[in-house]
Structures are given as C-alpha cells and as structure tokens.
Amino acid sequence: MSEDQDAAGAMSFIFEAGVLKRAARTGWWFAGVKHPESIAEHSFRTALIGMMLAAMEGADPARVSMLCVLHDTQETRITDIPHIAKRYLTAAPNTAVTADQVADCPPAVADVINAAVSEYEAGETLEAVVARDADKLECLVQAVEYRHQGITDVQRWIDSSRAALNTASAHRLAHAALTGSPLAWLNPPLALDVDAD
C-alpha cells in the first residue's frame, strides 16, 4: 500500500468519525428529550470522565481516554441502537465493525484502533473496566442534567447506569452527581482580594 493510499484510508476513517458529531443518542427520545446530545458529545465527556477515573483508580489515563473515544465509533455504521431495540435486533460485534472501518488505514493505525476496541469490549483490563465505568457514569450525569432541565422520566437511566458501575471512584462520582447541582460550578467561592489592606 502506498503512502497516499495509507493517508486516504486514515482520512476515510476520520471523515466517518465526523458523522458522530451529527448522530443523536437515540435512547433519550424515549425520555422525552427532543434534541439529545450527539454520540461525539457523549464520547468527549466519557473520555474526560475516564481520564479522571483512571487517575483516581491508578489506571493509565491516556489509555482509558483512548478506549473511551473509540467505544462508540462503530455507531457510524450500526447507529445508536436503543436498549429496547436490542431485544429484537442483533448487531455485528463492535470488533468486527471496527475492523471494517479501519481496514484501509495504515497498518499501525488499524492495529492500535483494533487493539483498543478489543480491549474495551473484553472488559478485562483495569483500563477497560474504568472506561466502561466512564461510559455509564456519563450517561448518569447526562440524565441528571436532563432532569435538571425538566425532563422527568430519566430515573431508569440513572438506576441502570449506577447499577453497572464497578469501581469505588465511579460510585463516589455518581453519588456526587446525584447529590450536587449541575450548575454549582457557576458559583465559585469568592477569591480573596490580595490587594486589600
């Protein structure tokens, strides 16, 4: 494969990933959210939560963030299948979808992405456990934010997300999300005036 073909293959995956910026998280429609966040928005905050959880749990923050960024990239091809639909549909395994997505990428790129998705899907390493917790915690946080915005039917997302958490740090953050206010950060403590006499 020539360098131009390698670059074109990598760019094809980059363009495909851009679809996630426009693709909605469909499960929220059942809760009454008319314009839910995109899959890319979910993945961004999942990666941020994953980095934080990794630091709290002694995992590799960079690795966890990468797993989080890639955990839903398959949804460009299979969409965000809501929980209820999974009773009736069988999607290809995420590892198979990813292999197709990166087949034309440079081999080093394809190897990195395929290995990360395989690790996430297996859920056996500390990094994968933390990344999966980050995904569930982001869903819980989003439900709390939607509830704060007046969407009342989100408790099932909170309960199922919380029940799926594995790490102590994720449980602590979930508790903080459920007992705090999504807008508390707008009221930081007053800074001391260092110029005052």
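Counting begins at 1 with the first residue of the sequence. Note that these values count all heavy atoms, side chains included, but never hydrogens, waters or copies made by symmetry.
In this structure, the side chains of L140 and L173 stay at 4.5 Å or more apart for every pair of heavy atoms. In this structure the side chain of T79 never reaches within 4.5 angstrom of the side chain of T26, judged on heavy atoms. Inter-residue side-chain proximity for L183 and W185 is flagged as met; some heavy-atom pair is nearer than 4.5 Å. Residues I113 and F13 form a side-chain contact, since some pair of their non-hydrogen atoms from C-beta on lies under 4.5 Å apart.
Considering all non-hydrogen atoms of both residues, W29 and A24 come closest at CZ2-CB, 4.0 Å. Here the closest non-hydrogen pair linking D80 and R25 is OD2-CA, 3.1 Å.
A salt bridge does not link E37 to R45: none of the charged side-chain nitrogens sits closer than 4.0 Å to a carboxylate oxygen.
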Report the C-alpha distance between H42 and D135 in whole Å, list the side-chain angles of each, state the deciding distance to 0.1 Å, and finish with yes or no for side-chain hydrogen bond (donor to acceptor under 3.5 Å, both in side chains). CA-CA 8 Å; H42 161 70; D135 178 38; 2.8 Å; yes
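More than 12 non-hydrogen atoms from other residues, nucleotides or ligands lie less than 6.0 angstrom from NE2 of H171. In the displayed structure, R156 atom CZ is contacted under 6.0 Å by at most 12 heavy atoms of other residues, nucleotides or ligands. Heavy-atom neighbours of M52 CE from other residues, nucleotides or ligands within 6.0 Å: at or below the threshold of 12.
A side-chain donor from one of T125 and E119 sits under 3.5 Å from a side-chain acceptor of the other.
Residues meeting the side chain to side chain donor-acceptor pair (under 3.5 Å) test with T76, sequence neighbours left out: E16, Q101.
Distance alone, capped at 3.5 Å, is enough to place a donor-acceptor pair between the D133 side chain and the T167 backbone. Listed for the S12 side chain is no donor-acceptor partner under 3.5 Å among the backbone atoms of A8.
Here V129 is tied to no hydrophobic group at all, with no ILVMFWY side chain closer than 4.5 Å.
Note: Y120 and H71 have tilted aromatic rings, judged against thresholds of 30 and 60 degrees for the angle between ring planes.
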